[in-house]
Novice: 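Structure in structure tokens, see below.
Positions are given from 1 along the sequence. Fair warning: this is a prediction, and the values are worked out from it, not measured in the lab. Values below: every heavy atom of this structure, side chains too, minus hydrogens, waters and symmetry copies.
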Amino acid sequence: MSSSTLAYAVLIAMTTAQANDSTGYVGTGGVEYLKNKNISMHSEDLYISKDEIRVNYKFKNLSNKDITETVLFPMPAVPSFIDSDYADTSATYNNFKIWANGKPITPTLHVRTFMYPIIIKNGEKSHAEKAIDTTKVFKACGISDAQMMSPWTYKFDTNDINQRLLDCNNKALDKFIDDKEDLDIFWDSQVIYSWEQTFKANTITKVKHTYKPLVGGSVDLDSGQYGDFCVDDSTQRSFNKNGRPYHALSYILTTGANWAKPIANFKLTVERDPNELVSFCWKGKVKKIGPTTFEIKETNFVPTHDFDVAFIMK
């Protein structure tokens, strides 16, 4: 194992992301993530497998006063149009659970929508890579929270929602929709959980949450992504000419940088099934602690990139 960029290769064709806790608020104009200078993440113990993500945090209030903050946990933005390889979204949002100091918490669920602005480059129309929060526009067009959640719940026909957008006389949609006769309108739906958390003065607060991750996948690895996900030569040589089916997920670590200090003690455990290879990139030491389990430990850790992992069939 290398102590530089580790070549536990990751290949993701349909990657879905999960995230660290962060403070902030959800308003009509969007989601704001805030840095709190008085609360540090003392430790983070993160476990990742295809079946479960489990996170144990210890936060420390560095001040002499109790602090109550809104803690946000954003789920990934799920596209309104998905294919058969996409993750089971309903299984994820239905089993998200939180405990604070051992007591269960019922979080508030928020839903946001995002669309990609039309851009013109060299006379050609395309869509920007960065999406814009369009929740306010959707609501102005009479689209409910339940309808905006349809990519998660499958309870509403996306074409019906798209038709309502086409029929809506809202000039804000002109920057996203070019053809007012075309029902193929692409938008994303994001679920965000929030809860009020009191951090006692000069005290450690323990927060735990678990959920079933969004796991994408494909029947074959795309060689064009080898470089993006650190696929080393030995891993490539193990692939047969027919390719390898795989599942993949992504965990957003960077929101963990919104606390007062670096994460004092960080541990990441990745577990695969016996019939799989596991592949990911990491700058630092990775230790194999069991036949199917890998462990990363860091001190004074500042996450600067997110974590992508693939589970590849042998």
Side-chain angles (χ1 to χ4, degrees), residues 12-19 25-31 50 53 72-98 106-118 127-195 209 211-218 247-250 252:
I12 300 181
M14 186 65 73
T15 305
T16 49
Q18 356 289 316
Y25 63 90
V26 181
T28 57
V31 181
K50 296 200 311 291
I53 286 183
L72 304 180
F73 188 90
M75 300 302 291
V78 172
S80 57
F81 173 79
I82 58 177
D83 60 28
S84 59
D85 287 335
Y86 205 76
D88 182 0
T89 51
S90 61
T92 294
Y93 91 90
N94 274 331
N95 69 12
F96 186 82
K97 296 181 175 62
I98 309 169
T106 302
T108 301
L109 185 150
H110 312 268
V111 59
R112 315 296 299 177
T113 62
F114 297 85
M115 297 181 78
Y116 296 84
I118 298 168
H127 285 86
E129 293 183 2
K130 185 175 181 180
I132 294 176
D133 191 319
T134 53
T135 310
K136 194 173 181 179
V137 180
F138 272 56
K139 289 188 174 182
C141 292
I143 299 169
S144 67
D145 283 1
Q147 290 170 316
M148 288 190 287
M149 279 194 66
S150 60
W152 292 86
T153 63
Y154 316 119
K155 290 183 178 179
F156 295 88
D157 188 335
T158 301
N159 283 338
D160 291 343
I161 298 171
N162 291 352
Q163 186 63 59
R164 183 169 291 190
L165 290 173
L166 291 175
D167 294 340
C168 181
N169 186 26
N170 191 315
K171 294 294 185 183
L173 287 170
D174 291 347
K175 68 175 68 174
F176 307 103
I177 301 174
D178 182 37
D179 186 350
K180 294 299 178 68
E181 302 296 325
D182 188 358
L183 273 176
D184 289 335
I185 301 173
F186 298 100
W187 51 276
D188 295 343
S189 173
Q190 183 183 35
V191 168
I192 299 169
Y193 295 99
S194 73
W195 66 96
H209 47 71
Y211 60 97
K212 183 177 178 61
L214 287 171
V215 180
S218 179
H247 293 91
L249 62 88
S250 179
I252 301 173

Novice: Compare every heavy atom of L109 with every heavy atom of M149, then report the nearest pair and how far apart it is.
Specialist: SD-CD2, 3.6 Å

Novice: Ring centroids only, cut at 6.0 angstrom: are W187 and F176 within range, meaning strictly under it?
Specialist: no

Novice: Taking D188 for its side chain and F114 for its backbone only, find out whether a donor-acceptor pair lies under 3.5 Å.
Specialist: no

Novice: Kindly give the heavy-atom pair with the smallest separation between K50 and V215, and that separation in Å.
Specialist: O-CG2, 3.6 Å

Novice: Among V137, I143, T135, I132, which residue meets the side-chain contact (heavy atoms from CB on, under 4.5 Å) test with T113?
Specialist: T135

Novice: With a 4.5 Å cut-off on side-chain heavy atoms, are Q147 and D160 touching?
Specialist: no

Novice: List the atom of Y116, the atom of K130, and the distance in Å for their closest heavy-atom pair.
Specialist: CD2-C, 3.9 Å

Novice: Decide if the gap between the ring center of Y193 and the ring center of Y211 is smaller than 6.0 angstrom.
Specialist: no

Novice: Does any non-hydrogen side-chain atom of H110 lie less than 4.5 Å from one of L72?
Specialist: no

Novice: After noting the C-alpha distance and the side-chain angles of W195 and T106, does the key distance pass the side-chain contact (heavy atoms from CB on, under 4.5 Å) rule?
Specialist: CA-CA 8 Å; W195 66 96; T106 302; over 6 Å; no

Novice: Answer whether the closest heavy-atom distance between the side chains of L183 and Q163 falls below 4.5 Å.
Specialist: yes

Novice: When rounded to the nearest 0.5 angstrom, what distance separates CD1 in I118 from NE2 in H127?
Specialist: 4.5 Å

Novice: Determine whether K180 and D174 satisfy the following criterion, side-chain contact (heavy atoms from CB on, under 4.5 Å), listing intermediate values before the conclusion.
Specialist: CA-CA 9 Å; K180 294 299 178 68; D174 291 347; 3.2 Å; yes

Novice: Please identify each residue that fulfils side chain to side chain donor-acceptor pair (under 3.5 Å) with N159, with sequence neighbours left out.
Specialist: none

Novice: How long is the gap from CZ on F138 to CG on L173, to the nearest 0.5 Å?
Specialist: 7.5 Å

Novice: Begin from the C-alpha positions of D133 and Q190 and carry the test side-chain contact (heavy atoms from CB on, under 4.5 Å) through to its verdict.
Specialist: CA-CA 10 Å; D133 191 319; Q190 183 183 35; over 6 Å; no

Novice: Among residues two or more places apart or on two chains, list those pairs meeting salt bridge (Lys or Arg N to Asp or Glu O under 4.0 Å) that have a residue in residues 137-147.
Specialist: K139-D145

Novice: Within this structure, what is the CG-CD1 distance for the pair L165 and I185, rounded to the nearest 0.5 Å?
Specialist: 5.0 Å

Novice: Which atoms form the tightest heavy-atom contact between R164 and G142, and what is the distance?
Specialist: NH1-O, 2.6 Å

Novice: Say you draw a straight line from CG of N162 to OG of S80; how long is it, rounded to the nearest 0.5 Å?
Specialist: 6.0 Å

Novice: Applying side-chain contact (heavy atoms from CB on, under 4.5 Å), can you list everything that pairs with A140, at least two apart in sequence or on another chain?
Specialist: N170

Novice: For atom CG of N169, is the number of surrounding heavy atoms from other residues, nucleotides or ligands below 6.0 Å larger than 12?
Specialist: no

Novice: Side chain of R112, backbone of I192: donor and acceptor closer than 3.5 Å?
Specialist: no

Novice: Between M75 and W152, does a side-chain contact (heavy atoms from CB on, under 4.5 Å) hold up when you go through it step by step?
Specialist: CA-CA 11 Å; M75 300 302 291; W152 292 86; 3.7 Å; yes

